[in-house]
Amino acid sequence: MSETKNTSALIINRRDYREQDSLVTAYSRSFGKINLIARGTQKPQSKLAAHIEPLILVDLMIVSGKGYDYIGSAIMRQAYTSIRENLNKLYYAGQALNIFQRLVRDHQADEGLFFLLTNWLEVLDAFSDATNFSQESGKLLLSFFILRLLQELGYQPEVSNCLICQQAIHSGKNYFDFQGGGVICEDCYLQKLLNISHLNVNQQDTGSQYISEEKVNLLTISYNCIRIIRYLNDAQSASLVKLKINKKLIKELSFLVNKFMEFYS
C-alpha cells in the first residue's frame with residue numbers, strides 16, 4: 001500500500017502532463033514547494049481539476065509514487081474569488097506567484113513563507129471595489145511582498161546604516177548599492193569613486209570604465225523611499241490598505257525593489 005501524507009498547500013501552477021494528467025506545483029505548509037501529478041484532470045468529467053487551479057488554497061492528500069508523488073485528494077479551502085474577478089488584482093497575484101516560484105527552492109518547508117504567501121493573498125483579496133484598487137495599489141502590495149520574501153530568504157536590505165561607514169542614514173543624497181544590499185551615504189559614495197580613480201590613474205581610460213561599472217550597481221534613492229522601505233520591512237500586510245503614498249514614490253519604490261530582486265534571482 002502506498003504511503004500517504006496530508007498538508008495544506010497553495011496551488012502555484014498547473015500544466016498538462018502526458019495525455020490525461022496534470023503536473024501541479026504547490027507550496028505546502030509541511031513540505032515546501034512540491035511538484036505533483038494530478039491524474040485524469042484533462043478529462044472533462046474530472047472532479048479534481050476544479051480544485052487544483054492556480055490561486056487556490058487546498059487540503060491535500062499526497063500519495064507516494066515512483067517518480068513524482070501524486071494527488072490523492074484536494075479539498076478547496078480558499079479560492080480568492082475577489083482576485084479572480086478583478087483583472088488588476090489577478091495580474092499582481094500572478095506576478096507574486098511567478099516571483100515566489102522563481103526564488104523559492106523545492107522541498108524546503110518554511111511556515112514563514114507559507115503564511116507570507118497566503119496572508120498576502122488574503123489582503124489582496126480583501127480590497128473591495130470601493131477601495132478602487134489601482135495600479136499604484138498593486139505596485140505597493142507587490143513591492144511589500146518582494147521585500148518580505150527576500151527578508152524570509154535572508155536578503156533584507158540594510159536601510160538604517162551606511163554599508164561602508166556604519167553611520168545612521170539621514171536625509172540628503174544617498175545611494176542604494178544593489179550588490180552590497182543596502183544604502184551608502186554620499187560621503188562614502190564619493191570616497192569610493194575617488195579610491196577607484198586613484199587605483200587606475202595610470203591606466204588609460206580604465207578608471208572611467210571602473211567608475212561606470214560601479215554606477216551600474218548604484219542608484220540614487222530618496223530619503224522618503226528609504227523611510228517607506230523601513231516601514232515595509234516591519235509592517236503587517238493588512239496595514240497597507242490604508243497607507244497613502246504618492247505615485248512618484250511608489251514608482252521609485254517599485255523600480256528599486258524589482259532591481260534589487262534581480263540580484264538574487
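Every residue meeting the side chain to side chain contact (heavy atoms under 4.5 Å, CB included) condition with E262, not counting sequence neighbours, appears here in chain and number order: R102, S265. Looking at residues two or more places apart in sequence or on another chain, you find a ring pair (Phe, Tyr, Trp, His ring centres under 6.0 Å) between F176 and F178, F260. Taking K43 as the reference, Q20, Q45 meet the side chain to side chain contact (heavy atoms under 4.5 Å, CB included) condition, with sequence neighbours excluded.
Contact of the F114 side chain with the S8 side chain is registered, since non-hydrogen atoms from C-beta on lie closer than 4.5 Å. Side-chain atoms of L10 and L121, non-hydrogen and from C-beta on, do get closer than 4.5 Å to each other.
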Under 3.5 Å, which donor-acceptor pairs link side chains of residues 59-72 to any protein atom two or more places apart or in another chain?
unit_1: S64; atom_1: OG; unit_2: E3; atom_2: O; d: 3.3
unit_1: D69; atom_1: OD1; unit_2: G65; atom_2: N; d: 3.1

Would you tabulate the side-chain donor-acceptor contacts of residues 140-154 under 3.5 Å, counting partners in other chains and residues two or more places apart, or write 'none'?
unit_1: S143; atom_1: OG; unit_2: K139; atom_2: O; d: 2.8
unit_1: R148; atom_1: NH1; unit_2: L232; atom_2: O; d: 3.4
unit_1: R148; atom_1: NH1; unit_2: A235; atom_2: O; d: 2.5
unit_1: Q151; atom_1: NE2; unit_2: Q156; atom_2: OE1; d: 3.2
unit_1: Q151; atom_1: NE2; unit_2: N233; atom_2: O; d: 3.1

Please list every donor-acceptor pair under 3.5 Å in which a side-chain atom of residues 91-99 meets a protein atom from a residue at least two apart or in another chain.
unit_1: Y92; atom_1: OH; unit_2: Q135; atom_2: O; d: 3.3
unit_1: N98; atom_1: ND2; unit_2: G94; atom_2: O; d: 3.3

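Panel note: side chain D125, backbone I83; a donor-acceptor pair is recorded below 3.5 Å.
Q166 contributes atom CD, which lies 6.5 Å from atom CG of N161 (distance to the nearest 0.5 angstrom). Summarising the geometry, atom CG belonging to N88 is positioned 10.0 Å from atom CD belonging to E136; distances are rounded to the nearest 0.5 Å.
The only option from I169, I221, I226 that meets the side-chain contact (heavy atoms from CB on, under 4.5 Å) definition with V159 turns out to be I226.
Residue Q179 places its CD atom among 12 or fewer non-hydrogen atoms of other residues, nucleotides or ligands, all under 6.0 Å distant. With a 6.0 Å radius and a threshold of 12 heavy atoms from other residues, nucleotides or ligands, R227 has its CZ atom at or below the threshold.
In terms of heavy atoms, D21 sits closest to Q42 at O-NE2, 2.5 Å. Contact record, R29 with F115: CZ-CZ, 3.6 Å, taken as the closest heavy-atom pair.
The pair K33-D106 meets the salt-bridge criterion, with a side-chain N (NZ, NE, NH1 or NH2) lying under 4.0 Å from an Asp/Glu carboxylate O.
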